[in-house]
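Everything below concerns the one structure shown next.
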Number of protein chains: 2
Amino acid sequence: MTKNLTPMIQSCVLHFGEMGSRWGINRTVGQMYALIVLNKEPLCADDIAEALGFSRSNVSMGIKELLSWELIKLQHLPGERREFYSAPGDVWDIAKTLMEQRRKREIDPTLTTLRNLLLETPANSEEEFAQQRMRDMHELIEMLTLWTAEIQRLDSARLMKLSKLGSNIGKVLDMKDKLLGR
Amino acid sequence: MTKNLTPMIQSCVLHFGEMGSRWGINRTVGQMYALIVLNKEPLCADDIAEALGFSRSNVSMGIKELLSWELIKLQHLPGERREFYSAPGDVWDIAKTLMEQRRKREIDPTLTTLRNLLLETPANSEEEFAQQRMRDMHELIEMLTLWTAEIQRLDSARLMKLSKLGSNIGKVLDMKDKLLGR
DNA sequence: CTGTAATTTCAGTATTTACTGAAATTACAG
DNA sequence: CTGTAATTTCAGTAAATACTGAAATTACAG
């Protein structure tokens, strides 16, 4: 934290730093991302290093990570030799990317592992029980995944609709029943 | 990994250990939880320490953490002086607890922080922009949260229905439009 | 109570993860 | 090409986190 951040922006940056460290993302990268998201103008590595008081090399690694998550994109500013980075303008785009990446890194490997273990023949009743739990987990995770994949396909407009549809999935289910005449 | 785990169960335990460390949960606790979930019978601390080759004190701390997450419950077995632990029998219960706890620990503090920062009067156009992004984030997160809260209220049976309703939220929306004659 | 089994705590240590600065590489203006 | 600004790499170090063993506490049977 070296230069020119207003208290408001600094608070937000620090908060996302702390939060970041509860996810896979580390504190530094969390702060960097908050800074980029809160900034209208794209930032270059030096801007970030200066604003947050990190070493230039640390910023370089952080940028690499954010790029690999596809959370920022590189852009060249006219008449500038340095590289600038910015986040999507729509927070829903950011959220979708996060969900997608987390799925790839955290869910998919688990589904694969479970599927493989379910192919094995249980050697005893202990393994039979264990396999049943794995089957349950697999089914549940797959369902939730399909579901969020579906949500991710929505654009901001439809999302708003859903949001207004409001907080009652139960009602949606009832509607469906009614609609299908059951 | 000292004793008596079959290769199948061991693989699963190790996998959830690795995965655990990508969440807030550490590797050891992840392994412990997998072991408990995969076991029909409740386990005591010594069972766990022996099966996974951890020190008794490490297991004690892990149990404390799992209890604080409400992912396991303590039970006394008849004629046993030691304390035994088991996971819910329904994986959906486990998932609901996880969602709930993650919300409490990761989402709520962020919503609070954002709300507080939104109460401040922006000092300049830079802060105005930053606040707009915070507002967007707050709205989106709140919506997703309300939504998952709703899902959490479903019991296994309704969940199944939803799962069969299948992977098309878009269609649900269409249904709603139709039903409401819009 | 008393003795013992079970559990927890915690200071010290080990391991992992994050961060830095110096050197190497790349990218580009002239 | 050449020179210089920008970026990346990476070995070394710092910081954070996880884990252990010994000692303290608790819980309970007799």
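Side-chain atoms are counted along with the backbone in the values below, which use heavy atoms only and exclude waters and symmetry mates. Every chain is numbered from 1, with letters handed out A, B, ... down the list of sequences. The structure presented is a predicted model; accordingly, all values stated were derived computationally and were not measured.
Here the P atom of nucleotide C/dC19 and the CE atom of A/M32 are 10 Å apart, to the nearest Å. In this structure, CD1 of B/I48 is placed 14 Å from P of D/dC19, rounded to the nearest angstrom. Atom C1' of nucleotide C/dT7 and atom CG of B/L74 are separated by 12 Å, given to the nearest angstrom. D/dT4 atom C1' lies 15 Å from atom CZ of A/R82, rounded to whole Å. In this structure, B/L43 atom CG and C/dT7 atom P are separated by 13 Å, rounded to whole Å. Rounded to whole angstrom, the span from the CD atom of B/E80 across to the P atom of D/dA29 amounts to 12 Å. Note: CD (B/E65) to C1' (D/dC19) measures 13 Å, nearest angstrom. As rounded to whole Å, 14 Å separates atom P of D/dC19 from atom CD1 of B/I63.
Note on A/R56: a base of the nucleic acid sits closer than 4.0 angstrom, heavy atoms only. The residue A/R81 sits close to a base: some heavy atom pair falls under 4.0 Å. Among the atoms of the strands shown, base atoms are found under 4.0 Å from some heavy atom of A/N58.
Nearest-nucleotide positions on DNA chain C for A/E83 and A/T28 put A/T28 closer to the 5' end. Nearest-nucleotide positions on DNA chain D place A/D46 closer to the 5' end than the other of A/D46 and A/R27. The 5' end of DNA chain D is approached more closely, in terms of each residue's nearest nucleotide, by A/S21 than by the other of B/H76 and A/S21. In terms of position on DNA chain C, the residue among B/A45 and A/N26 whose nearest nucleotide sits closer to the 5' end is B/A45.
Nucleotide D/dA18 has C/dT13 as its partner under the Watson-Crick or G-U criteria, with both atom distances under 3.5 Å. Pair assignment for D/dA29 gives C/dT2, based on Watson-Crick or G-U wobble hydrogen-bonding distances that are each under 3.5 Å. Pairing for D/dT7 is with C/dA24, a Watson-Crick or G-U wobble pair whose two hydrogen-bonding atom distances lie under 3.5 Å.
Taking every side-chain heavy atom of B/S60 into account, C/dT8 is the closest of C/dT8, C/dT7, D/dG21.
The distance from the CG atom of A/L71 to the OG atom of A/S86 is 12.0 Å, given to the nearest 0.5 Å.
Dashed line: the shortest gap from a side-chain N or O of A/S57 to OP1 or OP2 of D/dC10 is not under 4.0 Å. Of the side-chain N and O atoms in A/K64, none sit less than 4.0 angstrom from OP1 or OP2 of D/dT7.
B/T113 has its side chain out of reach of B/T110: every pair of non-hydrogen atoms, C-beta onward, lies at least 4.5 Å apart. Counting heavy atoms from C-beta on, the side chains of A/L67 and A/Y85 come closer than 4.5 Å.
With A/W69 as the aromatic partner, A/R105 meets the cation-pi criteria of under 6.0 angstrom to the ring centre and within 45 degrees of the ring axis.
Tested against B/R115, the residues B/E120, B/E139, B/E142 include a single salt bridge (charged side-chain N to carboxylate O under 4.0 Å, His left out) partner, B/E142.
Side-chain atoms of B/N124 and B/E128 form no donor-acceptor pair, as typed in the model, at a separation below 3.5 Å.
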